[in-house]
Novice: 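One structure, as structure tokens, below. Some questions next.
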Amino acid sequence: MFGFLKKKEVFLCPIDGKILPIGEVNDPVFSQEMMGPGFAVVPTSKVVVAPMDGEVVTVFPTSHAFGIKSKNGIEMIIHIGIDTVELNGKGFKPLVKQGDVVKAGDALVEVDFDVLKSEGKDPTCMIIFPNKEKFSIIKSHSNVTTGQDNIIEFNK
């Protein structure tokens with residue numbers, strides 16, 4: 001009703017690294033947006049955090065991917081690495097479980113990226129919006145830090 005009273009959607013960077021458009025990811029399932037639009041971060045730190053306040057609706061048994069639904073209904077999948085499901089959880093230490101309520105910035109998982117690399121896995125983290133949320137990357141190809149705001153902007 002009063003659009004000017006709506007709070008801007010807070011979306012924090014889930015991990016340190018370099019932000020990339022999803023089309024540059026080395027996996028057609030992601031780069032061709034088969035799971036939905038999104039973006040990627042080539043990680044340089046080991047803790048992945050919740051980008052928004054919400055509920056953890058999915059924790060994959062291998063802890064390589066997490067589903068979060070924000071209080072405002074935005075759904076996202078945080079997928080850590082490419083083909084990392086094949087590791088059966090090796091290198092992942094989940095810090096949340098399905099049903100947990102998280103705040104933006106809360107740690108979701110610790111990842112030993114050296115293990116992923118030693119197993120020949122690409123460590124790139126994808127943040128996917130399966131409900132086709134419209135957004136823009138504000139600073140594509142730039143370095144980002146965990147908890148940084150203003151990395152993407154939702155388009156209404």
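Note that the structure is a prediction, hence the values are computed from the model and not measured.
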Novice: Where do Asn26 and Thr124 land on the side chain to side chain donor-acceptor pair (under 3.5 Å) test, with the steps shown first?
Specialist: CA-CA 9 Å; Asn26 193 21; Thr124 302; over 6 Å; no

Novice: Ignoring hydrogens, what is the shortest heavy-atom contact between Gln148 and Val144? Give both atom names and the distance.
Specialist: OE1-CA, 3.3 Å

Novice: Would you compute the distance between atom SG of Cys13 and atom CD1 of Ile19 and round it to the nearest 0.5 angstrom?
Specialist: 6.0 Å

Novice: Does the Ser140 side chain pair with the main chain of Ile137, one donor and one acceptor, at a distance under 3.5 Å?
Specialist: no

Novice: Could you tell me the separation between the CG atom of Asn155 and the OG atom of Ser136, rounded to the nearest 0.5 Å?
Specialist: 4.0 Å

Novice: Honestly curious: do Ile78 and Val102 fall in one hydrophobic cluster under the side-chain, below-4.5 Å linking rule?
Specialist: yes

Novice: Are any side-chain N or O atoms of Asp27 and backbone N or O atoms of Val29, one a donor and one an acceptor, separated by less than 3.5 Å?
Specialist: yes

Novice: Hey, are the side chains of Phe66 and Val109 touching, using non-hydrogen atoms and a 4.5 Å cut-off?
Specialist: yes

Novice: Going by an N to O cut-off under 4.0 Å, is there a salt bridge joining Glu86 and Lys121?
Specialist: yes

Novice: Any link between Ile127 and Ile152 through a network of hydrophobic side chains (Ile, Leu, Val, Met, Phe, Trp, Tyr) touching at under 4.5 Å?
Specialist: yes

Novice: Please tell me whether Ile68 and Val96 are part of a single hydrophobic cluster in this structure, the criterion being side-chain heavy atoms less than 4.5 Å apart.
Specialist: yes

Novice: Does any non-hydrogen side-chain atom of Ser63 lie less than 4.5 Å from one of Lys93?
Specialist: no

Novice: Salt bridge or not between Asp100 and Lys97? Use side-chain N to carboxylate O under 4.0 Å.
Specialist: yes

Novice: Is there a path of hydrophobic side-chain contacts, each under 4.5 Å between heavy atoms of I, L, V, M, F, W or Y residues, that connects Phe135 with Ile138?
Specialist: no

Novice: Answer whether the closest heavy-atom distance between the side chains of Met126 and Ile82 falls below 4.5 Å.
Specialist: yes

Novice: Look only at the side chain of Ser70 and the backbone of Asn72, and say whether a donor-acceptor pair between them is shorter than 3.5 Å.
Specialist: yes

Novice: Closest heavy-atom contact between Ile80 and Cys125?
Specialist: CG2-SG, 3.9 Å

Novice: State whether the side chain of Glu119 and the backbone N or O of Leu116 hold a donor-acceptor pair below 3.5 Å, judged by distance alone.
Specialist: no

Novice: I need the single residue from Asp112, Thr84, Val115 that forms a side chain to side chain contact (heavy atoms under 4.5 Å, CB included) with Phe92. Which is it?
Specialist: Thr84

Novice: Do any side-chain atoms of residues 34-55 form donor-acceptor pairs under 3.5 angstrom with protein atoms, and if so which ones, sequence neighbours left out?
Specialist:
residue	atom	partner	partner atom	Å
Ser45	OG	Asp16	N	3.3
Asp53	OD1	Ala104	N	2.7

Novice: Using the side chain to side chain contact (heavy atoms under 4.5 Å, CB included) criterion, which residues pair with Lys69? Sequence neighbours excluded.
Specialist: Val57, Glu75

Novice: Taking side chain as C-beta onward, heavy atoms only, is Phe30 less than 4.5 Å from His79?
Specialist: yes

Novice: Within this structure, what is the CD1-CG distance for the pair Ile151 and Leu12, rounded to the nearest 0.5 Å?
Specialist: 8.0 Å

Novice: Do Pro14 and Thr146 come within less than 4.5 Å of each other through their side chains, counting heavy atoms only?
Specialist: no

Novice: Over 60° means perpendicular and under 30° means parallel, so classify the ring planes of Phe11 and Phe129, tilted if in between.
Specialist: tilted

Novice: Going by heavy atoms in the side chains, are Ile22 and Glu24 under 4.5 Å from each other?
Specialist: no

Novice: Show the numbers, then the answer: is there a side-chain contact (heavy atoms from CB on, under 4.5 Å) between Phe113 and Ile15?
Specialist: CA-CA 12 Å; Phe113 286 105; Ile15 193 164; 3.8 Å; yes

Novice: Report yes if some heavy atom in the side chain of Thr145 is under 4.5 Å from a heavy atom in the side chain of Asn143; otherwise report no.
Specialist: no

Novice: Would Val25 and Leu20 count as a side-chain contact (heavy atoms from CB on, under 4.5 Å) here? Give the steps.
Specialist: CA-CA 8 Å; Val25 170; Leu20 301 174; 5.8 Å; no

Novice: Consider only side-chain heavy atoms of I, L, V, M, F, W and Y, link residues closer than 4.5 Å, and tell whether Val56 and Val111 are in one cluster.
Specialist: yes

Novice: State, yes or no, whether a side-chain contact exists between Glu110 and Pro94 at a heavy-atom distance under 4.5 Å.
Specialist: no

Novice: Calculate, to the nearest 0.5 Å, the distance between atoms CD1 and CD belonging to Ile74 and Glu133 respectively.
Specialist: 4.5 Å

